[in-house]
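Take a look at the structure set out below.
Numbers restart at 1 for each chain; the letters A, B, ... are given by sequence-line order, proteins then strands. Keep in mind that this is a model prediction, so the values were computed, not measured.
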Amino acid sequence: MAKRETKTERKERIEKVLHALDSEYGTEYICYLNHETPWQLLIAVILSAQCTDARVNLVTVDLFQKYKSPKNFAEAELKELEKDIHSLGFYHMKAKNIISCCQDLMNKFGGNVPDTMEELLSLAGVGRKTANVILGNIYDQPSIVVDTHVKRISIKLGFAKSEDPEKIEYELMKVLPKEHWILWNIQIITLGRSICVARKPKCGECFLRELCPSAQV
DNA sequence: CTCCCGATAT
DNA sequence: ATATCAGGAG
């Protein structure tokens, strides 16, 4: 039976992983979803459910030319908006949610994107993942975004055990220093898209392979 | 828990 | 053919 990692060893491994991520990917808070305003990011994240950010960016180029404000989305025709976002999948639900969400932005929040978890979660189409993206990226509020990449890789690294994204969020909060919460998401997505891909991870070329309990070489 | 759903990579 | 993609609602 393999020897269990001690608390000290675990703490050291976490530090090394964070340092490796910082030196490989940098510490800049970049965003893969193109946007110029908070409400545009909100729409983009709602659209990004179960679809790649590259394809969301392809659609939002034209979408934000056509709908220039939350008010335009709030007054949009459902069928027409469905056509505009059709290629992203889940288009019926996403279109309905975006219209409802923007109606609430106009009627309850003065056309602005709210800055609390509770208010964000009250918006249609907004769950914890989307809310945390807004809190972290727009309002610079320490938060952990658990998407498919963060879930998969956090479990592989042994930093989370649960299957429930909300529980993973809390597990990671205990393990990661607060200064690294926002950064974790973007770095892990970068890793998850290129090396630690879901189907056939390229452990052989991963800079974390010596620090990862799941590495297959 | 199930359902929503098109595009892409393998 | 099938797994996967910056998930969320009912």
Short side-chain donor-acceptor distance under 3.5 Å, [Y] and [X]:
X: A:Q187; Y: A:D22; result: yes
X: A:E119; Y: A:T116; result: yes
X: A:Q40; Y: A:N34; result: no

Q: For B:dC5 versus C:dG10, give the span between their P atoms, rounded off to a whole number of Å.
A: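 Nearest-Å result for B:dC5 against C:dG10 at atom P: 13 Å.
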Q. For atom C1', what is the distance between C:dA6 and B:dC1, given to the nearest Å?
A.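 So the two C1' atoms sit 24 Å from each other.
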Q: Nearest 0.5 Å please: distance from the OG atom of A:S48 over to the CG atom of A:L33.
A: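 Spacing of OG (A:S48) from CG (A:L33) equals 5.5 Å.
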(Q) For the backbone of A:A20 and the side chain of A:S23, can you confirm whether one donor and one acceptor N or O come within less than 3.5 Å of each other? (A)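 Flag set: sc A:S23 to bb A:A20 pair under 3.5 Å.
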Q. With no hydrogens and no angle check, is any side-chain donor or acceptor of A:T60 less than 3.5 Å from a backbone partner on A:L63?
A.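 No; zero donor-acceptor contacts below 3.5 Å.
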Q | Minimum heavy-atom distance A:I85-A:Y91, with the two atoms named | A |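 Closest pair (atom of A:I85, atom of A:Y91, distance): CD1-O, 3.6 Å.
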Q) 5' to 3' on DNA chain B, which nucleotides open and close the contacts with chain A (atom under 4.0 Å from a heavy atom)? A)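 Contacts span B:dC4 to B:dT10, reading 5' to 3'.
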Q. Do A:Y32 and A:V56 come close enough that some side-chain heavy atom pair is under 4.5 Å?
A.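 Heavy-atom side-chain distance check fails, nothing below 4.5 Å.
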**Q.** Heavy-atom protein contacts under 4.0 Å, nucleotides 3-10 of chain C, coded B base, S sugar-phosphate only, - none
**A.** BSBBBSS-
Q: Name the residue closer to the 5' end of DNA chain B, choosing between A:S87 and A:K202 according to the nucleotide with the nearest heavy atom.
A: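 Its nearest nucleotide being more 5', the pick is A:S87.
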